[in-house]
K.L.:
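Got a structure here, written out as structure tokens. Questions coming.
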Amino acid sequence: MARQARAEITRDSVLAGAADVFLRLGYANASLSEIIAQSNVTKGALYFHFGSKEELARAVVDQGNERLIGSCQGFFDSRVPALEACIGITYVVADLSMNDPMVGAMLKLTHQIGDYRGAQGDNIAKTWGDTYRVLAERAIAQGDLVAELDADVVGLLLQELTAGVHIVAVGTDSIEEMSARMERAWYFLLPSLVPAEKLSYFREFAARRLRRYIG
């Protein structure tokens with residue numbers, strides 16, 4: 001039992017070290033020797049758990065996605081208005097991109113690996129796309145999105161909003177501005193999505209969420 005516990009600790013150390021290196025250097029430039037040094041483990045210990053850099057990167061993707069899902073869990077409660085949940089999730093992505101290396105690395109790696117899949121083979125992009133689509137369907141039914149909107153189109157748009165703000169923030173080395181940029185994106189997008197009488201409420205809701213993350 002003690003051996004198994006030590007093995008799990010070693011695996012977690014490798015994943016944490018790998019996340020830091022992937023986040024700092026990117027997938028192409030990260031080396032296993034750099035990850036070994038960052039993780040403070042032996043080469044044998046790393047290869048005991050992961051057979052290649054790609055296998056390790058995909059494990060980071062899975063771990064980061066699990067953390068992101070866990071942090072968003074409250075928004076999946078059916079008692080939470082679906083459009084508020086959509087807005088809230090985008091801010092969680094922004095916050096964890098800056099403050100959780102595992103999630104930040106996961107978001108970068110899904111683009112850099114190229115097929116958006118973790119070690120389990122799940123397509124992370126498709127999974128989150130389905131989530132936004134279901135939330136959009138609920139928001140239309142709840143009257144918070146214009147009734148004539150197509151939930152598939154809106155769900156895809158919200159996924160593109162989140163991914164696009166993240167990619168630009170990473171590409172311009174300004175990840176610390178991601179939450180503020182998310183609020184601006186919502187400010188200009190909401191008039192196309194919500195009934196006119198609800199626009200002020202949801203703009204203010206998005207602004208309040210921002211204040212939670214920037215103090």
Side-chain angles (χ1 to χ4, degrees), residues 60-108 110-111 116 118 120 122-147 149-167 169-170 175-195 198-215:
V60 169
V61 168
D62 284 338
Q63 180 103 348
N65 194 48
E66 286 177 13
R67 290 193 188 187
L68 179 57
I69 290 171
S71 296
C72 292
Q73 204 61 47
F75 295 120
F76 303 142
D77 189 322
S78 60
R79 292 170 294 184
V80 176
L83 183 53
E84 292 185 8
C86 288
I87 294 171
I89 287 171
T90 65
Y91 283 108
V92 172
V93 172
D95 179 55
L96 296 186
S97 295
M98 183 171 62
N99 295 311
D100 187 327
M102 194 69 69
V103 175
M106 177 271 289
L107 292 168
K108 287 185 71 172
T110 52
H111 304 304
Y116 296 85
Q120 306 304 316
D122 296 327
N123 186 312
I124 305 300
K126 185 178 185 304
T127 300
W128 279 102
D130 291 341
T131 298
Y132 282 116
R133 177 183 54 76
V134 170
L135 288 172
E137 287 177 349
R138 282 179 46 208
I140 291 171
Q142 291 165 355
D144 290 335
L145 290 177
V146 174
L149 290 173
D150 184 316
D152 290 341
V153 173
V154 174
L156 182 59
L157 178 63
L158 298 183
Q159 183 181 17
E160 291 168 342
L161 166 75
T162 310
V165 172
H166 174 262
I167 289 172
V170 171
I175 198 72
E176 72 282 354
E177 297 177 12
M178 187 174 168
S179 294
R181 291 179 183 178
M182 198 69 75
E183 188 275 334
R184 285 292 82 189
W186 279 112
Y187 183 89
F188 289 109
L189 180 63
L190 282 168
S192 301
L193 300 178
V194 304
K198 296 190 176 186
L199 177 58
S200 294
Y201 171 79
F202 282 108
R203 275 181 164 171
E204 177 58 27
F205 180 82
R208 289 200 310 272
R209 296 300 301 189
L210 173 63
R211 290 195 288 271
R212 293 182 58 173
Y213 294 107
I214 64 175

K.L.:
Can you name the closest pair of heavy atoms from Ala185 and Val165 and give their distance?
P.N.:
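In terms of heavy atoms, the two residues are closest at CB-CG2, 4.4 Å.
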K.L.:
Is there a donor-acceptor pair closer than 3.5 Å between any side-chain N or O of Arg203 and the backbone N or O of Tyr187?
P.N.:
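A pair under 3.5 Å: yes.
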K.L.:
So Trp128 and Thr162, side-chain hydrogen bond (donor to acceptor under 3.5 Å, both in side chains) or not? Walk me through it.
P.N.:
CA-CA 10 Å; Trp128 279 102; Thr162 310; over 6 Å; no
K.L.:
Nearest heavy-atom pair of Ala136 and Leu145: which atoms, and what distance?
P.N.:
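Between these two residues, the closest heavy atoms are O-CD1, 3.8 Å.
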K.L.:
Could you point out which residue of Gln73, Arg67, Glu66 forms a side-chain contact (heavy atoms from CB on, under 4.5 Å) with Ile69?
P.N.:
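Going through the options one by one, the only one that passes is Gln73.
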K.L.:
Work out which heavy atom in Leu68 is nearest to a heavy atom in Met106; give both atom names and the distance.
P.N.:
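Scanning both residues, the minimum pair turns out to be CD2-CE, 3.9 Å.
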K.L.:
Ignoring hydrogens and geometry, is there a side-chain-to-backbone donor-acceptor pair from Lys198 to Gly143 under 3.5 Å?
P.N.:
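At least one qualifying donor-acceptor pair exists.
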K.L.:
Please report the closest heavy-atom contact between Cys86 and Leu135, naming both atoms and the distance.
P.N.:
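Scanning both residues, the minimum pair turns out to be SG-CB, 3.5 Å.
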K.L.:
Taking all atoms of both residues into account, what is the closest heavy-atom pair of Gln120 and Asp62, and its distance?
P.N.:
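That would be N-OD2, 3.2 Å.
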K.L.:
So, Asn123 side chain and Ala125 main chain: donor-acceptor pair closer than 3.5 Å or not?
P.N.:
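Indeed, once roles are kept as given, a pair shorter than 3.5 Å links the two residues.
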K.L.:
Between the main-chain N or O of Ala206 and the side-chain N or O of Tyr91, is there a donor-acceptor pair closer than 3.5 Å?
P.N.:
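Yes.
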K.L.:
With Arg208, which residues qualify under side-chain hydrogen bond (donor to acceptor under 3.5 Å, both in side chains), at least two apart?
P.N.:
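None.
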K.L.:
Ignoring hydrogens and geometry, is there a side-chain-to-backbone donor-acceptor pair from Asp144 to Ala82 under 3.5 Å?
P.N.:
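The answer is no, because no donor-acceptor pair under 3.5 Å joins these two groups.
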K.L.:
Measuring only between side-chain heavy atoms, which start at C-beta, is Lys126 closer than 4.5 Å to Tyr116?
P.N.:
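They are not in contact (no side-chain heavy atoms under 4.5 Å apart), so the answer is no.
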K.L.:
Without swapping roles, check the side chain of Thr110 against the backbone of Leu107 for a donor-acceptor pair under 3.5 Å.
P.N.:
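Checking the backbone N and O of Leu107 against the side chain of Thr110, a donor-acceptor pair under 3.5 Å is found.
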K.L.:
Heavy-atom distance under 4.5 Å between the side chains of Arg133 and Leu156, does that happen here?
P.N.:
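Arg133 does not reach Leu156 side chain to side chain.
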K.L.:
Could you state the interatomic distance from CD (Gln159) to CG (Asp130), rounded to the nearest 0.5 Å?
P.N.:
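Reported to 0.5 Å precision, the distance equals 8.5 Å.
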K.L.:
For the atom pair CE (Met182) and CD1 (Ile89), what is the distance rounded to the nearest 0.5 Å?
P.N.:
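If I round to the nearest 0.5 Å, the distance is 11.0 Å.
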K.L.:
How far does CD1 of Ile87 sit from CZ of Phe202, to the nearest 0.5 angstrom?
P.N.:
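Rounded to the nearest 0.5 Å, the CD1-CZ separation comes out at 6.0 Å.
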K.L.:
So which atom in Gly118 and which in Val61 form the shortest heavy-atom distance, rounded to 0.1 Å?
P.N.:
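For Gly118 versus Val61, the nearest heavy atoms are CA-CG1, 3.9 Å.
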K.L.:
Would a distance-only check, ignoring hydrogens and angles, find a side-chain to backbone donor-acceptor pair under 3.5 Å from Gln142 to Pro81?
P.N.:
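No, the answer is negative, given that no donor and acceptor are paired below the 3.5 Å cut-off.
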K.L.:
Which value, rounded to the nearest 0.5 Å, describes the distance between Leu189 atom CG and Arg184 atom CZ?
P.N.:
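The CG atom of Leu189 sits 12.5 Å away from the CZ atom of Arg184.
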K.L.:
Do Phe75 and Val92 have side-chain heavy atoms sitting under 4.5 Å apart?
P.N.:
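They are in side-chain contact.
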K.L.:
Could you tell me whether the side chain of Tyr201 reaches within less than 4.5 Å of the side chain of Val194, counting heavy atoms only?
P.N.:
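The answer is no, as the side chains (C-beta and beyond) never meet within the 4.5 Å cut-off.
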K.L.:
Rounded to the nearest 0.5 Å, how far does OG1 of Thr131 lie from CG of Leu158?
P.N.:
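Spacing of CG (Leu158) from OG1 (Thr131) equals 11.5 Å.
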K.L.:
Would you give the length of the straight line joining atom OG of Ser71 to atom CG of Asp100, rounded to the nearest 0.5 angstrom?
P.N.:
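CG of Asp100 is found 7.0 Å from OG of Ser71.
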K.L.:
Apply salt bridge (Lys or Arg N to Asp or Glu O under 4.0 Å) to the pair Glu204 and Arg211, showing each step before the final yes or no.
P.N.:
CA-CA 11 Å; Glu204 177 58 27; Arg211 290 195 288 271; 3.0 Å; yes
K.L.:
Inspect the contact between Glu183 and Arg212 and indicate whether a charged nitrogen and a carboxylate oxygen are less than 4.0 angstrom apart.
P.N.:
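No salt bridge links Arg212 with Glu183.
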